[in-house]
Peer 1: 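Quick one: the structure is below, questions incoming.
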Amino acid sequence: MPEVSNVRFNALTRPHFYVGKAWYQRDIYIPQEWTNKRIHLFLERAHWITEVWINQHKIGSQDSLSTPHEYDLSQFLTPEYSSFNYICQ
């Protein structure tokens, strides 16, 4: 029987260590054709907590390690340029 202490769990561990919050920011353009359409942000592998901001207004936050984070951005985006941000903690 192989020794358990020699087994490496590469699929279960990350090669990097957590060093703090990450901030992602992007200016986005919403085309006129998207008027009255639903716009969703789907964050499949968020590390823990996420916060979403659009044009300096907090849209929401979610706290889950094992399930995707999803935000409905439809009512916050208009056909124009918007500054979109999200924070992963």
Side-chain angles (χ1 to χ4, degrees):
M1 183 174 223
E3 269 188 52
V4 175
S5 62
N6 290 333
V7 177
R8 292 195 51 143
F9 296 99
N10 287 335
L12 301 176
T13 60
R14 296 177 183 250
H16 307 288
F17 295 100
Y18 176 77
V19 293
K21 296 178 184 180
W23 177 275
Y24 177 83
Q25 180 173 341
R26 182 169 188 175
D27 291 334
I28 56 173
Y29 175 74
I30 305 299
Q32 287 289 337
E33 296 82 32
W34 288 17
T35 301
N36 298 323
K37 293 195 177 188
R38 296 187 72 187
I39 303 169
H40 285 263
L41 173 64
F42 186 80
L43 303 172
E44 186 174 3
R45 302 194 89 191
H47 188 269
W48 199 276
I49 299 171
T50 60
E51 293 179 5
V52 174
W53 297 72
I54 296 177
N55 296 330
Q56 301 178 5
H57 298 285
K58 184 176 179 179
I59 305 308
S61 65
Q62 294 186 21
D63 181 358
S64 172
L65 181 61
S66 61
T67 58
H69 297 191
E70 186 171 2
Y71 297 91
D72 184 353
L73 307 178
S74 306
Q75 64 181 342
F76 304 104
L77 296 173
T78 56
E80 60 186 37
Y81 282 97
S82 292
S83 179
F84 164 77
N85 308 296
Y86 73 85
I87 302 171
C88 295
Q89 298 181 10

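The first residue in the sequence is number 1, and the count goes up from there. In this text the structure is predicted, and so the values were computed from the model without any measurement.
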Peer 1: Does Y71 have any side-chain contact (heavy atoms from CB on, under 4.5 Å) partners at least two apart in sequence or in another chain, and if so, which?
Peer 2: L41, L43, T50, V52, Q62, H69, L73
Peer 1: What residues, two or more places apart in sequence or in another chain, satisfy side-chain contact (heavy atoms from CB on, under 4.5 Å) together with E44?
Peer 2: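 In terms of side-chain contact (heavy atoms from CB on, under 4.5 Å), with neighbours along the sequence ignored, E44 is linked to F42.
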Peer 1: Show me the pairs that pass salt bridge (Lys or Arg N to Asp or Glu O under 4.0 Å) and involve residues 34-43, at least two apart or across chains.
Peer 2: R38-D72
Peer 1: What are the two closest non-hydrogen atoms of P31 and P79, and how far apart are they?
Peer 2: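 Nearest pair, atom of P31 first, then P79: O-CB, 4.0 Å.
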Peer 1: Which residue pairs pass the salt bridge (Lys or Arg N to Asp or Glu O under 4.0 Å) test with at least one member in residues 56-66, sequence neighbours excluded?
Peer 2: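 Not a single pair qualifies under salt bridge (Lys or Arg N to Asp or Glu O under 4.0 Å).
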Peer 1: A side-chain contact here means heavy atoms from C-beta on lying under 4.5 Å apart; do I39 and W34 qualify?
Peer 2: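 In contact.
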Peer 1: Taking only residues two or more places apart in sequence, or in another chain, which ones meet T67 in a side-chain contact (heavy atoms from CB on, under 4.5 Å)?
Peer 2: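 Residues passing side-chain contact (heavy atoms from CB on, under 4.5 Å) with T67: S64.
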Peer 1: At what distance, to the nearest 0.5 angstrom, does CD1 of I49 lie from CG of L65?
Peer 2: 10.5 Å
Peer 1: Which residues pass the side chain to side chain donor-acceptor pair (under 3.5 Å) test with S61, not counting sequence neighbours?
Peer 2: none
Peer 1: Name all residues meeting the side-chain contact (heavy atoms from CB on, under 4.5 Å) criterion together with T78; count only those two or more places apart in sequence or in a different chain, and write none if there are none.
Peer 2: E80
